[in-house]
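Accompanying notes for the structure given below.
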Amino acid sequence: MLATILVLLLIGLIAGFVARAVVPGPDPMGVAGTIVLGIVGSFIGGFLGYVLFNKDFGEGALQPSGIIGSIVGAVIALLVYRLVSRRGAGRARL
């Protein structure tokens, strides 16, 4: 159990870091934000893998993915985060 959590945090850190490096522009988030981005990306990647390949390993549609799926999911999560935060910032100025 503890090993699973540590591996999830490590993969989240790596996936979040790579996603922030791949997507250009400033991202004002620290290490904890990067880990959360990677963990969310892992679940997005797992869901996309389930939808695209229709493979259910007994865990259902919401499951963590490997490192490649985590990076792809983290990039998607980062782009959605930027879209939502930019839209919210535009409304606050009005």
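Note that this is a predicted model, so its numbers are computed, not measured.
Atom CD1 of Ile39 is separated from atom OG1 of Thr34 by 11.0 Å, given to the nearest 0.5 angstrom. Between the CD1 atom in Ile14 and the CD1 atom in Ile67 there is a gap of 5.0 Å [rounded to 0.5 Å].
By the rule that hydrophobic residues join a cluster once side-chain heavy atoms approach within less than 4.5 Å of another member, Leu10 and Val18 end up as members of one cluster. Criterion: ILVMFWY side-chain heavy atoms under 4.5 Å apart, direct or through other members. Under it, Ile76 and Phe17 are not part of a common hydrophobic cluster. When hydrophobic clusters are built by joining Ile, Leu, Val, Met, Phe, Trp and Tyr residues whose side-chain heavy atoms come closer than 4.5 Å, directly or via intermediates, Leu8 is grouped together with Ile35. A continuous path of hydrophobic side-chain contacts links Ile5 to Leu13 [ILVMFWY only; heavy atoms under 4.5 Å].
Although no hydrogens or angles enter the test, the distance criterion places no donor-acceptor pair under 3.5 Å between the side chain of Ser42 and the main chain of Gly38. Side chain of Arg20 to main chain of Met29: a donor-acceptor pair is present (N/O by atom type, distance under 3.5 Å, no hydrogens or angles).
Contact annotation: the side chain of Leu78 never approaches that of Val22 to less than 4.5 Å [non-hydrogen atoms, C-beta and beyond].
Closest heavy-atom contact between Ile44 and Ala77: CD1-CB, 3.8 Å. Residues Ala19 and Leu37 approach most closely at CB-CD2, 4.4 Å, considering heavy atoms.
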